[in-house]
Amino acid sequence: MERTLIGELSAHVGEEVCITGWVDVRRDQGKMVFFDFRDRSGKVQGVCLPGSEALETAKETGKEYVVRVEGVVNKRPEKNIVADRQNGDIELEVKKLTIVSKAATLPFDTDAELNLDTLLDYRPLTIRRERERAIFTVQREIVAAFREYLDSQGFTEFQAPKLVGDDAEGGAGVFKVEYFKDRNAYLATSPQLYKQMMVGAFERVYAAGPQFRAEKHATTRHLNEISMLDFEMGFIKSHEDVMRMIEGVLQHTTKRLAERAQDAFAATGATLPLTPESFPVLKLREAQKILGAAEEPDLEPEQERAICEWAKREKGSDFIFITHYPVSKRPFYTMEDENDPGFTKSFDLLFRGVEIVSGSQRVHEYDMLVEKIRAKGLDPEKFSFYLMAFKYGLPPHGGIGMGLERLTQKYLGIDNVKEATLFPRDMNRIDVLLSSSIPDESDDA
RNA sequence: GCGGUGGUAGCUCAACCGGUGGAGCGCUUCCCUGUCACGGAAGAGGAUGCGGGUUCAAGUCCCGUCCACCGCGCCA
């Protein structure tokens with residue numbers, strides 16, 4: 001018999017169907033047994049009535065067993081209807097129950113709050129939990145919204161390389177790769193330079209993919225491997241055009257989540273953010289004045305939290321742009337504001353207390369860019385590949401980089417970014433997959 | 001890297017001023033014909049992260065070490 005998805009059972013009342021999935025719960029009543037069955041589309045209650053042929057199998061079928069069930073979809077009697085639950089008005093009367101795969105007892109409580117260590121040590125299993133499925137459903141929708149919106153705005157997606165040459169840029173800690181002959185190679189910390197080159201051909205581009213930072217930090221918001229959402233756009237008037245675009249991305253994201261991830265938000269107890277038509281904007285110095293803080297080159301984490309509270313209270317927004325960071329604090333490709341010398345046409349976007357986006361207008365004029373590289377104490381020679389794009393005509397442009405895990409974390413009000421990361425890597429955590437004992441087929445060649 | 005807090009049953013936690021460890025959930029066995037976190041009865045399960053020290057006696061105090069969480073630093 002053809003498989004029917006659990007989510008579609010309500011259209012088959014009175015019919016004989018076959019479902020496959022997992023046992024979510026078994027409630028053994030002695031002469032009869034109840035189940036909750038689960039597949040990718042949802043859950044449904046199954047009943048093994050007294051005298052049923054399936055009863056014997058039902059008794060030995062535990063949580064997480066993979067099963068195939070043949071049965072009849074029945075309307076539930078009035079008194080047994082459970083409101084507020086998927087398929088709460090129907091149930092599957094089990095006629096035939098087949099165990100497809102047995103399952104050992106789970107080493108943690110399915111519904112309880114778990115310590116982060118437990119959650120991640122048992123990741124292959126904890127992703128089955130309702131809360132975790134909700135988190136990564138939201139994450140998928142965020143990525144989909146990013147692509148969908150930028151596609152509608154004439155952007156082209158491209159694959160940025162993850163292995164890059166000399167660490168010409170300095171800055172963030174890099175992972176060195178020992179492989180390439182007579183050359184140092186590193187894992188990419190950003191697709192920045194490649195995005196800019198791509199503007200020369202496609203004007204508007206974006207890239208979504210992993211980036212690597214070899215920094216020994218232990219915070220609730222840092223990871224050594226992150227999923228970055230980056231875009232870069234040509235023919236802009238200023239960094240404000242870039243700000244409008246990321247605003248559009250996030251408005252679209254909130255809208256899409258409201259339409260398609262309501263269940264996930266309900267499952268995590270999160271609320272959708274206040275996402276106004278245009279986000280409040282403050283220069284860094286203005287923000288510091290509001291907070292009564294000194295004019296430092298950047299905001300402290302505590303100040304980021306405080307200014308976000310201000311934006312929510314005073315402007316009804318969970319998002320706020322902070323612009324005009326000093327030249328010293330920003331990378332060489334950031335354009336200085338001719339109307340505000342010493343400060344850049346750059347911005348961070350803060351969301352619910354943390355920085356989720358960095359962006360700016362970039363320097364597009366060749367001679368000025370060479371000069372800026374020198375001013376940062378770097379060698380333009382090492383940037384010749386990159387500079388080629390500028391030497392042969394690149395329009396005014398700008399763009400952003402956005403951390404997917406942080407964005408997911410903040411959309412759902414999660415405390416630690418690692419909870420919003422499927423397989424987080426940090427100094428002390430990398431999956432043990434027995435990789436050293438698994439032969440690599442490509443080695444045989 | 002620095003500071004704070006913590007590490008006790010499979011999970012989540014409790015154990016006062018030092019006196020040979022408990023609960024809930026889970027697990028095992030039995031009972032249960034409408035449950036939906038089913039319910040009921042009984043039971044198993046622990047060298048208290050690791051190493052040293054103080055003490056008649058250490059989960060508890062001291063030193064070291066490892067790990068985790070939180071904050072900071074760092075962070076194109």
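Residue numbers start from 1 in every chain, and the chains themselves are labelled A, B, ... in the order their sequence lines are given, proteins ahead of strands. Predicted model, so just to flag it, every value in this text is computed and none were measured.
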Whole-Å distance between B:rC72 C1' and A:E304 CD?
13 Å
Considering residues at least two apart in sequence or located in another chain, which fulfil the side-chain hydrogen bond (donor to acceptor under 3.5 Å, both in side chains) criterion with A:H397?
A:Q196
Hey, does the Lys NZ or Arg CZ of A:R26 hover above the aromatic six-ring of A:F35, less than 6.0 Å from the centre and inside 45° of the axis?
no
Expressed in whole Å, how much space separates the P atoms belonging to B:rG40 and B:rC25?
8 Å
Test side chain to side chain donor-acceptor pair (under 3.5 Å), reference A:D337, set A:K283, A:H324, A:H239, output is A:H324
Take the protein atom CZ of A:F212 and the nucleotide atom P of B:rA76, then report the distance between them rounded to whole Å.
18 Å
Glycosidic torsion of B:rC17 (syn if within 90° of 0, anti otherwise) classifies it as syn
Residues forming a salt bridge (charged side-chain N to carboxylate O under 4.0 Å, His left out) with A:R147, sequence neighbours excluded
A:E157
Integer-rounded Å distance: B:rG73 P and A:H222 NE2
10 Å
In whole Å, measure the gap between the P atoms of B:rU60 and B:rG53 for me.
14 Å
Rounded to whole angstrom units, what separation is found between the CD atom of A:E302 and the P atom of B:rG71?
11 Å
If only side-chain N and O atoms count, and only distance matters, is there a donor-acceptor pair under 3.5 Å linking A:T268 with A:R131?
no
Sequence neighbours excluded - side chain to side chain donor-acceptor pair (under 3.5 Å) pairs with any residue from residues 284-297 of chain A:
A:R285-A:D340
Base-pairing string, 5' to 3', of RNA chain B - Watson-Crick or wobble, under 3.5 Å, | interstrand
(((((((..((((.....[..)))).(((((.......))))).....(((((..]....))))))))))))....
Distance between C1' atoms of B:rU5 and B:rG43 (Å, rounded):
37 Å
Could you give the distance separating B:rG46 and B:rG64 at their P atoms, to the nearest angstrom?
32 Å
Could you tell me whether the side chain of A:S358 has a donor or acceptor atom within less than 3.5 Å of a complementary atom in the base of B:rA76?
no
Under 4.0 Å, counting only non-hydrogen atoms across every strand here, what does A:R362 touch: a base, just sugar-phosphate, or nothing?
nothing
Partner residues of A:T323 under the side-chain hydrogen bond (donor to acceptor under 3.5 Å, both in side chains) criterion, sequence neighbours left out
none
Suppose we screen for salt bridge (charged side-chain N to carboxylate O under 4.0 Å, His left out). Which residues come up paired with A:E64, at least two apart in sequence or across chains?
A:R38, A:R128
Given the C1' atoms of B:rG59 and B:rC2, what is the spacing between them in whole Å?
29 Å
Which residues satisfy the salt bridge (charged side-chain N to carboxylate O under 4.0 Å, His left out) test with A:E338, sequence neighbours excluded?
A:K345
Side-chain (A:R76) to main-chain (A:I90) donor-acceptor, under 3.5 angstrom:
yes
Could you tell me how far B:rG49 sits from B:rA41 if I compare only their P atoms? Round to whole Å.
33 Å
Syn within 90° of 0, anti beyond: B:rA41 is anti
Residues in salt bridge (charged side-chain N to carboxylate O under 4.0 Å, His left out) contact with A:R425, at least two apart in sequence or another chain
A:E225, A:D431
Could you tabulate the donor-acceptor pairs under 3.5 Å formed by side-chain atoms of residues 97-106 of chain A, not counting sequence neighbours?
none

Determine the Euclidean distance between corresponding P atoms of B:rU48 and B:rG7; express it in Å to zero decimal places.
14 Å
Can you tabulate the close N/O pairs, meaning under 3.5 Å, that link protein atoms to atoms of nucleotides 5-15 of chain B?
unit_1: B:rG10; atom_1: O2'; unit_2: A:P107; atom_2: O; d: 2.4
unit_1: B:rG10; atom_1: N2; unit_2: A:D109; atom_2: OD1; d: 3.3
unit_1: B:rC11; atom_1: O4'; unit_2: A:P107; atom_2: O; d: 3.4
unit_1: B:rC11; atom_1: O2; unit_2: A:D109; atom_2: OD2; d: 3.4
unit_1: B:rU12; atom_1: OP1; unit_2: A:N115; atom_2: N; d: 3.0
unit_1: B:rU12; atom_1: OP1; unit_2: A:N115; atom_2: ND2; d: 3.0
unit_1: B:rU12; atom_1: OP1; unit_2: A:T118; atom_2: OG1; d: 2.8
unit_1: B:rC13; atom_1: OP2; unit_2: A:N115; atom_2: ND2; d: 3.3

Closest to the A:N416 side chain, choosing from B:rC69, B:rG73, B:rA76:
B:rC69
Give me the distance, rounded to whole Å, that separates B:rG1 from B:rA9 when you measure between the P atoms they each carry.
28 Å
Rounded distance (Å) that lies between atom C1' of B:rC74 and atom CD of A:E355
13 Å
Classify every nucleotide of nucleotides 34-42 of chain B by which part a protein heavy atom approaches to under 4.0 Å, writing B for the base, S for the sugar-phosphate alone and - for neither, in 5'-to-3' order.
BBBSB----
Please report, rounded to the nearest Å, how far the C1' atom of B:rA68 is from the CG atom of A:L120.
11 Å
Check residues 44-58 of chain A and write down every donor-acceptor pair under 3.5 Å in which the side-chain atom is one partner and the other belongs to a residue at least two apart or another chain.
unit_1: A:Q45; atom_1: OE1; unit_2: A:R27; atom_2: NH2; d: 2.8
unit_1: A:Q45; atom_1: NE2; unit_2: A:E91; atom_2: OE1; d: 3.1
unit_1: A:S52; atom_1: OG; unit_2: A:A54; atom_2: N; d: 3.0

Check whether any side-chain nitrogen or oxygen of A:T220 sits under 4.0 Å from OP1 or OP2 of B:rG71, and answer yes or no.
yes
Taking atom C1' of B:rA76 as reference, at what distance in whole Å does atom NZ of A:K372 sit?
15 Å
Whole angstrom is fine here: how far is it from CG in A:D117 over to C1' in B:rC66?
13 Å
Does A:K418 place a side-chain N or O at less than 4.0 Å from the phosphate oxygens OP1/OP2 of B:rC69?
yes
